[in-house]
There are 4 protein chains.
Amino acid sequence: MRKKDDEKEKSIKEAVIKLILQEGFHGTSISKIAKVAGVSPATVYIYFENKEVMLQDIYSEYSEEIFEYLLNRVNQEMRGRQLIEVLVKSYYNYIREHKEIFSFVEQFSTCPSLAGSCRVEIKGINNINNLIAEMKNNQVIRDYSNDNLLAIIFYPVKAIAVNNHKSESERAVLLQEMIQIIQDALLI
Amino acid sequence: MRKKDDEKEKSIKEAVIKLILQEGFHGTSISKIAKVAGVSPATVYIYFENKEVMLQDIYSEYSEEIFEYLLNRVNQEMRGRQLIEVLVKSYYNYIREHKEIFSFVEQFSTCPSLAGSCRVEIKGINNINNLIAEMKNNQVIRDYSNDNLLAIIFYPVKAIAVNNHKSESERAVLLQEMIQIIQDALLI
Amino acid sequence: MRKKDDEKEKSIKEAVIKLILQEGFHGTSISKIAKVAGVSPATVYIYFENKEVMLQDIYSEYSEEIFEYLLNRVNQEMRGRQLIEVLVKSYYNYIREHKEIFSFVEQFSTCPSLAGSCRVEIKGINNINNLIAEMKNNQVIRDYSNDNLLAIIFYPVKAIAVNNHKSESERAVLLQEMIQIIQDALLI
Amino acid sequence: MRKKDDEKEKSIKEAVIKLILQEGFHGTSISKIAKVAGVSPATVYIYFENKEVMLQDIYSEYSEEIFEYLLNRVNQEMRGRQLIEVLVKSYYNYIREHKEIFSFVEQFSTCPSLAGSCRVEIKGINNINNLIAEMKNNQVIRDYSNDNLLAIIFYPVKAIAVNNHKSESERAVLLQEMIQIIQDALLI
DNA sequence: CATGAATGAGGTTTCATTCAT
DNA sequence: AATGAATGAAACCTCATTCAT
């Protein structure tokens, strides 16, 4: 019984993610979601209070996922050089492997009317922050502010990951160079 | 016959930009646009074929504007260090001074269903590319690929500019540090 | 869940028929139909995919009805003279008794942009065709082509039935004479 | 100057006729008409008071045209047999040669909301009526009522003319047989 | 006379949501 | 819990017509 429920909720969430990529937030309606998820429109309202809450719930869930993904690929034994490489590469890989989720999260967070009324993003980012802070303490990376360190590590790689004008191998070359740039900039 | 009214077209565009920031792409309807612009909904269709074309037209126009803005603040006499500072600062200033336009462009370009069927962005970005290429030729900045140079110069600063958790002065400190990081990373 | 309401579908169809007579195909809007049928405009779209399909569905249904009507008034024991009389009179009566339906069907079938994309009319007309063929086999009526026999039996009577310049009794006289003419022309 | 006007009026009328065939009465808007006619929507209102009057004007003009066409092909020296043949054939030819006009007139006259408020059809039909009356006086055709004679002569041939399931040559055979049937039915 | 701009009204259709089963 | 039916509101867009030049 519980199992059934979880599957329905999951299929609704997946339908949303899929449709938002294909059709954007506008163009993604409850009835389309229901059709793709294989349920009735009324069923959506059993799992989510309304459309806005539904989108926020899904955003909350998936916007944390990336941090778990990153933390799972990092461990205590890695030194600075390797750690930067793994963080940048993992972020790149996550985007490429989860295009739909990444697109949903990006669309949601660039839309003030959606993201504005939504308070999340605290747990996951904190863990990453702690990781960075520890590296600074250990004098592995330079003593820049955490915000800037995160910005340097995670923002430029987005530009590579979403560039569909380039081939996979071209992007790989860019990624390697980018890792080098970031390592040189941040490591002591 | 009456002449097509430039003021009307302008006020429609401004209404779109304004509403997209406040309400997002979903939630910005033709009738709301018409109301804000002070015209009839039917009038919108005199200036734009349909809603999609309207958004694409506006995107085409404003996505170029940022490049003009940057190029206007740069000149031949600037050496590498100053040039990086001006580019990063100008981009930051543009975002802060044109929040509505920046939000529109970001929302549009992160939405595949909108940006996908829209081929633009060639003139402006080329001029910036030439600027960067020249700097490499003059052995002012390191010989990294253009894509990565642009990514390093323009992406991390976004993170600072859109961070509304910080005060204006806190952001200024971050920006100054970020400029330093980028200069150190790119200048020979 | 609620069951689809046959009453509702019927009242929508009747509203269409009624409005098309009063206002023509132009001038018959979904919202008018909904108002006359006592439902919401959105409800119409539960029963019909869109306006065009709705009109075609209704046409398909009613364009067959006339043939059933005719066949119900005919039987095996009737000989040629009587059969022609019954066919002509019944067609006349059908038109007079079902002015709205007849008007709908006529308007629909004279409008190429509607009728063009609509393939129907096969079952009913076939039964009439068989009836005519049998009469020819039995050497009751002359050996003209089926198309022409149908044209002679059913087309001139339309002219009488739609002639509102004449009184009911005048039309009755015309009808009687017309039956005579057709009998003389077709019977051996 | 006058010449110019007449041409514009003519091109508007032709645009209406053309569009009504292609798109039906619904689907034929003033702006489409203007586009096809190569004029401004406002210009249409110089030549016609409004849309309804325009359609009625065009109907009045073209619904008479058929009678002129028929009368031009008939002369005093023709005897009954030939006269019936010429009338039936000419009507058939008119329909095939002027499909657009015929379709317009049929659609208009089968639509009560259009035809109802339109009083015309007097001159042309009278001449045909006189022709028929004369034939009865000369004891060439039987003494049936004029209404029925017209119905027999002109209605069945419509069925042949609009039958696009048949080839041109098949229709020719049907037409010849139909003429024979009508001659036998009406001639003394 | 002729026009493209302009518009209020209304077109078809879809929306997010609720109802009744 | 789950559903398809039902709907008022609103979406996009076009209409017939008038205005200003």
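Per chain, numbering begins at 1; letters A, B, ... match sequence-line order. For the numbers below, each heavy atom of this structure counts, side chains included, while hydrogens, waters and symmetry mates do not. None of the values given here were measured: they were computed from a predicted structure.
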Closer than 4.0 Å, any side-chain N/O of B/Ser29 to the OP1 or OP2 of F/dA10?
no
Could you let me know what F/dA2 is paired to, Watson-Crick or G-U wobble, both distances under 3.5 Å, or none if it's on its own?
E/dT21
For atom CZ of D/Phe25 and atom C1' of F/dC15, their distance in whole Å
17 Å
Select base, sugar-phosphate, or nothing to describe what B/Tyr47 touches, counting heavy atoms under 4.0 Å on all strands.
sugar-phosphate
Whichever of C/Val39 and B/Ile30 has the more 5' nearest nucleotide on DNA chain F, that residue is C/Val39
Is C/Glu65 atom CD crowded by more than 12 heavy atoms from other residues, nucleotides or ligands, each under 6.0 Å away?
yes
Is D/Lys8 near enough to E/dC1 that one of its side-chain N or O atoms lies under 4.0 angstrom from OP1 or OP2?
no
Closest nucleotide of DNA chain E for A/Thr28 versus for D/Pro41: which of these residues is on the 5' side?
D/Pro41
Tell me: NZ of A/Lys51 to P of E/dT14, nearest whole Å?
15 Å
Rounded to the nearest Å, what distance is computed from the CZ atom of residue B/Phe48 to the P atom of nucleotide F/dC12?
14 Å
Establish, yes or no, whether a centroid distance under 6.0 Å links the rings of B/Phe102 and B/His98.
no
Take the protein atom CD1 of B/Ile46 and the nucleotide atom C1' of F/dC13, then report the distance between them rounded to whole Å.
13 Å
So what does D/Thr43 touch, heavy atoms closer than 4.0 Å: a base, only the sugar-phosphate, or nothing?
base
Smallest separation among heavy atoms of D/Glu100 and D/Leu21, with atom names:
CG-CD2, 3.4 Å
Atom NZ of residue position C/Lys18 - does it have more than 12 heavy atoms of other residues, nucleotides or ligands inside 6.0 Å?
no
Atom NE2 of B/His26 and atom P of F/dC12 are separated, to the nearest Å, by 13 Å
Nucleotide opposite E/dG8 in a Watson-Crick or G-U pair, distances under 3.5 Å
F/dC15
Round to the nearest Å and state the distance from B/Glu52 atom CD to F/dA11 atom C1'.
15 Å
Can you find an N or O donor on one side and an acceptor on the other, under 3.5 Å apart, linking the side chain of D/Ser40 with the base of E/dG4?
yes
For A/Ile33 and E/dC15, give me the distance from atom CD1 to atom P, rounded to whole Å.
10 Å
Does the side chain of A/Ser31 get closer than 4.0 angstrom to OP1 or OP2 of E/dA16 through an N or O atom?
no
State yes or no: are the ring centers of D/Phe25 and D/Phe104 separated by less than 6.0 Å?
yes
Between A/Ala42 and B/Gly27, which residue's closest nucleotide on DNA chain F lies nearer the 5′ terminus?
A/Ala42
Output the rounded distance in Å from OH (D/Tyr45) to C1' (E/dG4).
15 Å
